[in-house]
Amino acid sequence: MSNLLTTDPIALQAFMSETIFATADAVEAFSGQSESVSSPLNPQQVTAHQESVEEFIYQGSKAKGILFILRYPAYPYFSPEAEEAFVKTIGALKLTVADVAVVNLANAHNPNDFKRIMSFFTPKKIILLGVEPLSLKLPEIAHNSYMHGRIATVFNTYSFEEMFADMVKKKAFWTEFKSLIQQQS
């Protein structure tokens with residue numbers, strides 16, 4: 001029987017429930033052995049923030065105050081098709097994956113608590129991609145509509161998979177999303 005090896009954070013999270021600490025020597029030795037894995041985000045690979053002190057595992061940056069919240073149980077962030085659409089969509093508004101924060105609430109590590117999300121990310125613009133506002137204990141927000149709060153604006157929309165299947169949803173999303181991103185904070 002051979003050993004099974006993985007570096008997939010979702011798989012590792014499913015198999016392990018304890019925090020593991022390693023010395024710098026062990027990390028260097030391991031990284032020297034590991035193979036590089038390509039992903040659709042290469043060559044502009046964005047690393048996920050998974051430090052033990054962080055409350056959330058997310059991709060990108062909190063600096064611009066734009067947060068995408070999604071729930072994809074089968075993927076770390078997006079399905080491959082949705083990731084491609086996401087990169088093209090934000091790229092059309094002169095943003096990159098490194099400019100925005102993306103958090104997948106299907107990741108068991110990430111709290112499904114809107115107050116903690118607000119405290120950690122301090123966003124000004126929040127985009128719910130297929131996440132029901134009620135699941136975050138927010139008031140009901142119609143699809144492709146906004147809820148303006150004191151600190152942030154929440155934009156509720158469909159998942160990319162839903163938009164792939166319906167051109168009307170896709171067009172409505174683009175019109176409102178473009179307006180939200182171009183607004184001055």
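Computed from heavy atoms alone, side chains included, the values below leave out hydrogens, waters and symmetry copies.
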Show every donor-acceptor pair shorter than 3.5 Å between a side-chain atom in residues 112-119 and any protein atom, with sequence neighbours excluded, or say none if there are none.
residue: Asn112; atom: OD1; partner: Arg71; partner atom: NH2; Å: 2.9
residue: Asp113; atom: OD1; partner: Lys115; partner atom: N; Å: 2.9
residue: Asp113; atom: OD1; partner: Arg116; partner atom: N; Å: 3.4
residue: Arg116; atom: NE; partner: Glu55; partner atom: OE2; Å: 2.3
residue: Arg116; atom: NH2; partner: Glu55; partner atom: OE2; Å: 2.8

Taking the side chain as every heavy atom from C-beta outward, state whether [X] and [Y] have any pair of such atoms under 4.5 Å apart.
X      : Y      : result
Phe86  : Phe68  : yes
Thr153 : Leu180 : yes
Phe177 : Thr89  : yes
Phe120 : Val103 : no
Ile127 : Leu67  : no
Lys124 : Ile66  : no

Task: Residues forming a ring pair (Phe, Tyr, Trp, His ring centres under 6.0 Å) with Phe121, sequence neighbours excluded - done: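 Applying ring pair (Phe, Tyr, Trp, His ring centres under 6.0 Å) to Phe121 gives Phe56, Tyr58.
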Open item on the list: Once ring pair (Phe, Tyr, Trp, His ring centres under 6.0 Å) is applied, do any residues pair with Tyr146, and if so which ones, sequence neighbours excluded?
Closed with: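 Ring pair (Phe, Tyr, Trp, His ring centres under 6.0 Å) list for Tyr146, sorted by chain: His148, Phe155.
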Report, one line per pair, each donor and acceptor closer than 3.5 Å where one atom sits in a side chain of residues 159-168; sequence neighbours left out.
residue: Ser159; atom: OG; partner: Glu162; partner atom: N; Å: 3.2
residue: Ser159; atom: OG; partner: Glu162; partner atom: OE1; Å: 3.2
residue: Glu161; atom: OE1; partner: Tyr72; partner atom: OH; Å: 2.5
residue: Glu161; atom: OE2; partner: Ser79; partner atom: OG; Å: 2.6
residue: Glu162; atom: OE1; partner: Ser159; partner atom: N; Å: 2.9
residue: Asp166; atom: OD1; partner: Val168; partner atom: N; Å: 2.9
residue: Asp166; atom: OD1; partner: Lys169; partner atom: N; Å: 3.4

- [ ] Provide the full list of side-chain hydrogen bond (donor to acceptor under 3.5 Å, both in side chains) pairs with a residue in residues 136-145, sequence neighbours left out, each pair given once.
- [x]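 Applying side-chain hydrogen bond (donor to acceptor under 3.5 Å, both in side chains) to every pair that reaches into residues 136-145, excluding sequence neighbours, yields Asn144-Thr157.
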Task: Pairs flagged by salt bridge (charged side-chain N to carboxylate O under 4.0 Å, His left out) wherever residues 89-106 is involved - sequence neighbours left out - done: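 Those involving residues 89-106 are Lys64-Asp99.
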